[in-house]
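Indexing begins at 1, ligand by ligand and atom by atom, following the structure's order. A quick note: this is a predicted structure, and the numbers were derived from the prediction, not measured.
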Amino acid sequence: MKTLVIKNLKKKFGTTWAVRNLNLELEPGEIFVLLGPNGAGKTTTLKLIAGLLHPDEGDVVINGIDTRKNPLEAKSRIGYIPDEPFIYSKLTGREFINFVAGIYNVKHDDYEKKMAELFKRFGVGAWIDGFSEGYSHGMKQKVVMCQLLLHDPQLILIDEPLVGLDPKSSKTVRETFIELKNQGKTLFICTHTLSFAKDIASKIGIINVGEMKFIGNLDELSKISGKRDIEEIYLKLSEESVNETIP
Ligand SMILES: Nc1ncnc2c1ncn2[C@@H]1O[C@H](COP(=O)(O)OP(=O)(O)O)[C@@H](O)[C@H]1O
Ligand SMILES: [Mg+2]
């Protein structure tokens with residue numbers, strides 16, 4: 001069964017299309033990387049899939065579950081990290097993780113071991129028991145990465161996973177994503193880090209002014225653009241187009 005099916009998805013803010021007629025299908029074990037300039041519609045797309053925004057038109061189906069008809073059921077299959085990870089400032093990182101595990105109905109005994117492994121993997125130190133108001137962006141990113149995996153989501157949505165992470169943590173994130181892919185999970189990642197797309201994506205999408213211009217693997221995009229380097233490919237395929245307003 002396909003993990004994600006998006007049909008004719010549309011979202012407008014005022015008179016501007018943020019996402020226009022998006023169609024996409026992802027299988028288990030795929031890493032889809034969405035690239036595009038600032039304001040292209042990447043975050044809006046992720047929020048529409050995660051159910052944080054309602055589309056003007058179109059459907060999102062996750063593991064066969066229609067997100068309009070069964071929103072809670074669909075959300076239980078998703079792990080989502082927004083571009084600005086939010087942690088209540090007066091909670092410690094550990095309390096935040098326990099809080100989110102509670103929302104997903106994951107029992108403490110069931111995730112304690114997994115949490116310890118994740119802390120080790122991401123180099124989470126004693127700071128996890130300090131208030132999150134003192135955390136750097138990278139520390140928050142590590143907490144939400146650990147939290148993300150506790151309820152074993154089939155579809156993982158991440159907006160800019162590498163922002164604020166040190167090189168070692170970036171490498172860990174990259175390795176974790178590949179491991180998840182090998183477990184048959186589906187990942188949908190928005191990023192500006194082109195090397196990341198080149199290294200781990202099984203499929204790359206390029207969005208501009210709300211429109212998915214190209215979808216394919218690196219070889220296919222290379223052929224279409226006539227370029228070989230990922231930066232050249234991206235620059236060629238994401239060339240400016242005029243933002244059309246709704247009449
Ligand atoms: N809540 C909002 N209200 C009005 N316009 C928005 C809102 N969120 C996004 N937009 C607009 O939608 C477009 C796409 O934004 P976004 O999805 O955040 O792009 P990206 O993540 O690719 O940088 C932009 O033109 C942005 O200004
Ligand atoms: Mg964004």
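The backbone N or O of His192 lies less than 3.5 Å from no partner atom in the side chain of Tyr234, so there is not a single donor-acceptor pair.
Leu157 has its side chain out of reach of Asp159: every pair of non-hydrogen atoms, C-beta onward, lies at least 4.5 Å apart.
If you number the atoms of ligand 1 from 1 as listed, the ones under 4.0 Å from a heavy atom of Ala18 come out as 12 (O), 13 (C). Below 4.0 Å from some heavy atom of Thr43 lie the following atoms of ligand 1, by number and element: 17 (O), 18 (O), 20 (P), 21 (O). Listed by atom number, the atoms of ligand 1 under 4.0 Å from Pro37 heavy atoms are 22 (O).
Close N/O approach between Asn38 and ligand 1 is not found [any backbone or side-chain N/O within under 3.5 Å]. Annotation: Phe13 places no N or O atom under 3.5 Å from an N or O atom of ligand 1; distance criterion only. Ligand 1 has an N or O atom lying under 3.5 Å from an N or O atom of Thr44, backbone or side chain.
Nearest-residue assignment for atom 24 (C) of ligand 1 (options Cys190, Gly41, Ala40, Gly39; heavy-atom criterion): Gly39.
The side chain to side chain donor-acceptor pair (under 3.5 Å) contacts involving residues 98-112 comprise Asn98-Tyr111, where partners must be two or more places apart or lie in separate chains.
Residue-and-atom listing of protein N/O/S atoms under 2.8 Å from the Mg ion (ligand 2), sorted by chain and number: Thr43 OG1.
By the 4.5 Å side-chain criterion applied to Ile, Leu, Val, Met, Phe, Trp and Tyr, Val61 is assigned to a cluster that also includes Val5.
Asn208 and Ser238 form no side-chain donor-acceptor contact under 3.5 Å, judged by distance and modelled atom types alone. Side chains of Arg121 and Thr176: a donor on one and an acceptor on the other come within 3.5 Å. A donor and an acceptor atom, one from each side chain of Ser222 and Asp219, are nowhere located under 3.5 Å apart.
Partners of Phe214 by ring pair (Phe, Tyr, Trp, His ring centres under 6.0 Å), not counting sequence neighbours: none found.
Between atom CD of residue Glu160 and atom OG1 of residue Thr191 there is a gap of 4.5 Å, rounded to the nearest 0.5 Å.
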